[in-house]
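Everything numeric here is computed off the predicted structure, so don't read it as measured data. Along the sequence shown, residues carry numbers from 1.
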Amino acid sequence: MWQNLKVVELASVLAGPLVGSFFSELGAQVLKIENKKTGGDVTRTWKLKGEDQSKAISAYYASANFNKKSIFLDLEDSTEYQEALKYILDADIVIMNFKSEFAKKLKLDAKSLLQLKKELIIGNISGFGKESSRLAFDVVLQAETGYLSMNGSDENNLAKMPVALIDVIAAHHLKEAILIALIEKQWTGKGKEVNVSLFDAALASLANQASNYLMEGQIAKAMGTKHPNIAPYGDKFICSDGKAIILAVGSDKQFLELCSVLELEKDKIDQFKSNSLRLQKREELLKILQEKIAFKTARECLLLFEEKKIPAASIKNLAEVFNEKEAQNLVQNFILEGYKALRIKTLLQ
């Protein structure tokens, strides 16, 4: 079924290309049209210090461009524009991240394209809405939508999420919108335009932090790995071998199991018996737990915690992560423009 689906991607950087890669993973035919005048998708040049500068691709580019056919066209050249239009009108889905003004100038806006092919599904991704001309890179969105203010150890030591997560979130939202449009098309026979902005996607993903503010007026602050509603959740402890573990105790039952495993005295347990008490006396609780955990290795702790169903984890770097079989199962090996490429697949089923 999916192999008969044709997708044209007129998008660059991360969010739009991730959507194109999703359809490639499904088995669809995805054609990526890149801007000839600028040398193509800018992420081709976003290379690490040690990467081969002579390569036509980067690791970053490979992460979002799985199994696509790429062609380079100048859409402002009349001949090459007609070639691009031929591909677009032969497609089922078009993915774009053009500014609205530019799309209208080229007659690649939804109104123009749907007049030519009413069955076409057009997925637009923008930064601050398709009518905004504002440039929107991920860190800008992290700053504008509250994420930056919540990350880091405190307000003087803020941290950016090390993945362009707003782009990734927006890509998931656009996938959903396009899939819904495909379902609707089965009923109506008509395509449509769907729009997702990075700004809206970021706000829609604030989840409990948004409701904490909207309902209780609490403005989330940077607090490292800690959780504002639960303790000990996201709290880090150092074991006897110097390795760090993190706890994610989400219920009173789990906390009592933790106390049992660590052999805490009853008087100490009683003063932390509810989550509200643990939040109020968080620093005191963490000190008591650290004193007990310091006598065990990370492996000893994690084995005991797993046995008693206490959520906990070691803090791993990416080398440690990808040594795990479960992680290797998600790695895709493929050839991209003659180069060996690796990425993590996003189609999970």
Side-chain angles (χ1 to χ4, degrees), residues 1-33 41 62-70 87-98 100 103 108-130 136 138 141 145 163-207 329-330 332 334 343-349:
M1 168 179 129
W2 294 107
Q3 63 268 24
N4 296 320
L5 192 75
K6 293 182 179 179
V7 179
V8 169
E9 179 190 302
L10 290 155
S12 60
V13 189
L14 191 59
L18 281 175
V19 179
S21 289
F22 167 76
F23 284 104
S24 286
E25 288 183 57
L26 280 172
Q29 304 169 52
V30 181
L31 177 69
K32 182 181 179 78
I33 299 177
D41 191 319
S63 73
N65 290 285
F66 173 71
N67 268 14
K68 300 172 187 174
K69 178 184 176 183
S70 278
Y87 289 123
I88 290 168
L89 296 181
D90 187 45
D92 302 288
I93 299 167
V94 178
I95 302 162
M96 295 191 285
N97 64 352
F98 293 145
S100 180
L108 293 178
D109 57 297
K111 182 179 178 182
S112 299
L113 291 178
L114 289 171
Q115 284 178 345
L116 296 173
K117 185 177 182 178
K118 67 180 178 64
E119 302 90 358
L120 195 61
I121 292 171
I122 302 158
N124 278 310
I125 199 123
S126 64
F128 291 92
K130 68 174 190 173
D138 187 82
L141 270 301
T145 57
V163 172
L165 196 59
I166 308 303
D167 281 70
V168 175
I169 290 167
H172 283 300
H173 282 285
L174 188 59
K175 289 176 205 173
E176 291 173 3
I178 291 172
L179 291 172
I180 291 168
L182 280 170
I183 293 169
E184 291 177 352
K185 182 178 169 181
Q186 291 182 322
W187 300 332
T188 66
K190 295 180 181 179
K192 66 186 296 187
E193 177 188 24
V194 294
N195 292 284
V196 169
S197 74
L198 272 67
F199 183 81
D200 287 351
L203 291 184
S205 302
L206 283 169
N329 289 338
L330 294 179
Q332 288 179 320
F334 63 107
R343 71 186 289 269
I344 289 293
K345 66 180 180 180
T346 62
L347 177 61
L348 307 178
Q349 59 180 0

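Residues E184 and K192 approach most closely at OE1-NZ, 3.0 Å, considering heavy atoms. Residues T346 and K175 approach most closely at OG1-NZ, 3.9 Å, considering heavy atoms. Pairing each heavy atom of D138 with each of L165, the nearest pair is OD1-N, 3.5 Å. Shown here for T145 and A202, the closest heavy-atom pair between the two residues is OG1-CB, 3.5 Å. The heavy-atom pair separating A136 from G127 by the smallest distance is CB-CA, 3.4 Å. Looking at every heavy atom in both residues, S205 comes nearest to I169 through OG-CG2, 3.0 Å.
S197 OG to I125 CD1: the interatomic distance, rounded to the nearest 0.5 Å, is 8.5 Å. Atom CG of L174 sits about 10.5 Å away from atom CZ of F22, to the nearest 0.5 Å. Interatomic distance, K32 NZ to S24 OG, rounded to the nearest 0.5 Å: 10.0 Å. Of the inter-residue distances, the one linking S70 atom OG with D41 atom CG reads 8.0 Å to the nearest 0.5 angstrom. Rounding to the nearest 0.5 Å gives a distance of 7.5 Å between CE of M96 and CG of D109. Distance check: N97 CG to L10 CG gives 8.5 Å after rounding to the nearest 0.5 Å.
Counting heavy atoms from C-beta outward, N124 and V194 have side chains that stay 4.5 Å or more apart. By the 4.5 Å heavy-atom criterion applied to side chains, E193 and L113 are not counted as neighbours. The shortest side-chain heavy-atom distance between I121 and L182 falls under the 4.5 Å cut-off. In this structure, L31 and E9 have side chains that are not in contact, with every pair of non-hydrogen atoms separated by 4.5 Å or more. With a 4.5 Å cut-off on side-chain heavy atoms, F23 and L179 count as touching. Looking only at side-chain heavy atoms (C-beta outward), L5 and L26 stay at 4.5 Å or farther from each other. Counting heavy atoms from C-beta on, the side chains of V30 and N67 never come closer than 4.5 Å. For the pair I93 and V8, the minimum side-chain heavy-atom distance is 4.5 Å or more.
The main-chain N or O of P17 is found under 3.5 Å from a side-chain atom of S21 such that the two form a donor-acceptor pair. Side-chain atoms of K130 never come within 3.5 Å of backbone atoms of V196 as a donor-acceptor pair (strictly under, hydrogens ignored). With K6 contributing its side chain and D92 its backbone, the two residues share no donor-acceptor pair below 3.5 Å.
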Q: Under the side-chain contact (heavy atoms from CB on, under 4.5 Å) rule, what do V94 and L108 come out as? Steps first, then yes or no, please.
A: CA-CA 10 Å; V94 178; L108 293 178; over 6 Å; no

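Aromatic ring orientation, F66 versus F334: perpendicular (interplanar angle above 60°, classes split at 30° and 60°).
Counting non-hydrogen atoms of other residues, nucleotides and ligands closer than 6.0 Å to NZ of K69 gives a total of 12 or fewer.
Within the structure, ring-ring contact (aromatic ring centres under 6.0 Å, His included) contacts touching residues 168-205 (residues at least two apart or in different chains) are F128-F199.
Every residue was checked against the salt bridge (charged side-chain N to carboxylate O under 4.0 Å, His left out) condition with E119, not counting sequence neighbours, and none meets it.
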